[in-house]
Amino acid sequence: MFVQKIMKILNLSLPVVFLLLVLSPIQSLACACCAEKGTYKISSVKPDAYISGELRKLQIDTTNLYTDAGYPETIKGLNPLGETFSASCLLKNNVWKFDFKDNNNKSGRLNLPLPATYVDYRVDLQDNETAADATLYREFRFKWKTSGGTGVFQKGITPATDYFLVLQGRGNNCTAAETFTHWRLEITGAKADYAFYGKLKIN
């Protein structure tokens, strides 16, 4: 009788033990992406195959020309200067290709080589104190030299012209294309000074 009771207890316990063994790795994997409250991180990272693959999924949804109080005198290197723009982007062979078209059907391409490293910035803005985990504000920052411009950009691009591309979004500690929702691209040099910004979508 005693042996039968022990066997019954063991038979009931085995499924529970099995479930714990199966679920534990899943829970550990999920927690690997969790962001802790108070997170602040800024680091220089080399783009790997995974990151490049995620970046290739990104596509431009909306495009705006950045203007300030001195517009249009503060903008140079856009010839002619359009009022509204649409754009698309493609990362191919480690070069960003940004194609723009304005309201007058004038177009141009910016070629932006991917730098050897980019800045990965993530921070808990502490704007949701009731959540168990932090939702981080994130940026990927790419800064390097342009490698050419065509059409409306051609006259403003020289070998020394810089670009600064920022991908912005919210998420946890794991990187995915869906993390990034907005973008900003700034072009600066002896003959160029302008910036675009807008929303992102997944290709």
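Just so it is clear, the model here is predicted, and its values are computed rather than measured.
- Enclosure of atom NZ in Lys106 is not indicated, since only 12 or fewer non-hydrogen atoms of other residues, nucleotides or ligands lie within 6.0 angstrom.
- With values rounded to the nearest 0.5 angstrom, Leu185 atom CG is found 14.5 Å from Tyr66 atom OH.
- With values rounded to the nearest 0.5 angstrom, Thr74 atom OG1 is found 3.5 Å from Asp68 atom CG.
- Between Leu200 and Thr181, every side-chain heavy-atom pair lies at or beyond the 4.5 Å cut-off.
- Remark: Thr67 OG1 to Ile75 CD1 distance equals 6.5 Å, nearest 0.5 Å.
- Ring planes of Phe98 and Trp96: tilted class, angle from 30 to 60°.
- Between Asn104 and Pro80, the closest side-chain pair of non-hydrogen atoms is not below 4.5 Å.
- Between Phe100 and Thr63, some side-chain heavy-atom pair lies under the 4.5 Å cut-off.
- Under a cut-off of 6.0 angstrom, the local environment of NZ in Lys101 is sparse, with at most 12 non-hydrogen atoms contributed by other residues, nucleotides or ligands.
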Report the C-alpha distance between Ile60 and Phe196 in whole Å, list the side-chain angles of each, state the deciding distance to 0.1 Å, and finish with yes or no for side-chain contact (heavy atoms from CB on, under 4.5 Å).
-> CA-CA 11 Å; Ile60 292 174; Phe196 295 95; over 6 Å; no
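- With Gln168 contributing its side chain and Glu139 its backbone, the two residues share no donor-acceptor pair below 3.5 Å.
- Interatomic distance, Asn173 CG to Cys34 SG, rounded to the nearest 0.5 Å: 8.5 Å.
- For Tyr163 (side chain) and Pro113 (main-chain N/O), a donor-acceptor pair under 3.5 Å exists by modelled atom type.
- The side-chain heavy atoms of Arg141 and Ile42, taken from C-beta on, include a pair separated by under 4.5 Å.
- Of the possible polar contacts, one joining the Trp183 side chain to the Thr62 backbone as a donor-acceptor pair under 3.5 Å is found.
- Side-chain contact between Thr161 and Lys191 is absent, with no heavy atoms from C-beta onward closer than 4.5 Å.
- At least one donor-acceptor pair under 3.5 Å links the side chain of Gln59 to the backbone N or O of Cys89.
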Could you give me the CA-CA distance, side-chain angles and deciding distance for Ile51 and Val45, then say whether side-chain contact (heavy atoms from CB on, under 4.5 Å) is met?
-> CA-CA 10 Å; Ile51 293 298; Val45 184; 5.9 Å; no
Given Glu178 and Ile202, is the side-chain contact (heavy atoms from CB on, under 4.5 Å) satisfied, shown in steps?
-> CA-CA 7 Å; Glu178 292 80 5; Ile202 305 302; 4.3 Å; yes
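- In this structure a side-chain-to-backbone donor-acceptor pair under 3.5 Å is missing from Asp61 to Lys201.
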Where do Arg109 and Leu90 land on the side-chain contact (heavy atoms from CB on, under 4.5 Å) test, with the steps shown first?
-> CA-CA 11 Å; Arg109 168 177 286 185; Leu90 174 67; over 6 Å; no
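- Among Ile187, Asp162, Asn111, the single residue meeting the side chain to side chain contact (heavy atoms under 4.5 Å, CB included) criterion with Thr146 is Ile187.
- Within a 6.0 Å sphere centred on NZ of Lys143, heavy atoms belonging to other residues, nucleotides or ligands number 12 at most.
- Side-chain atoms of Arg138 and Asp120, non-hydrogen and from C-beta on, do get closer than 4.5 Å to each other.
- When side chains are defined from C-beta on, Tyr121 does not count as touching Val166, because their heavy atoms never get closer than 4.5 Å.
- Atom CG of Leu114 sits about 9.5 Å away from atom CG of Leu165, to the nearest 0.5 Å.
- Atom CG of Leu58 and atom CG of Leu91 lie 9.5 Å apart (nearest 0.5 Å).
- By the ring pair (Phe, Tyr, Trp, His ring centres under 6.0 Å) test, Phe140 pairs with Tyr118, Phe180, sequence neighbours left out.
- Counting heavy atoms from C-beta on, the side chains of Arg184 and Phe164 never come closer than 4.5 Å.
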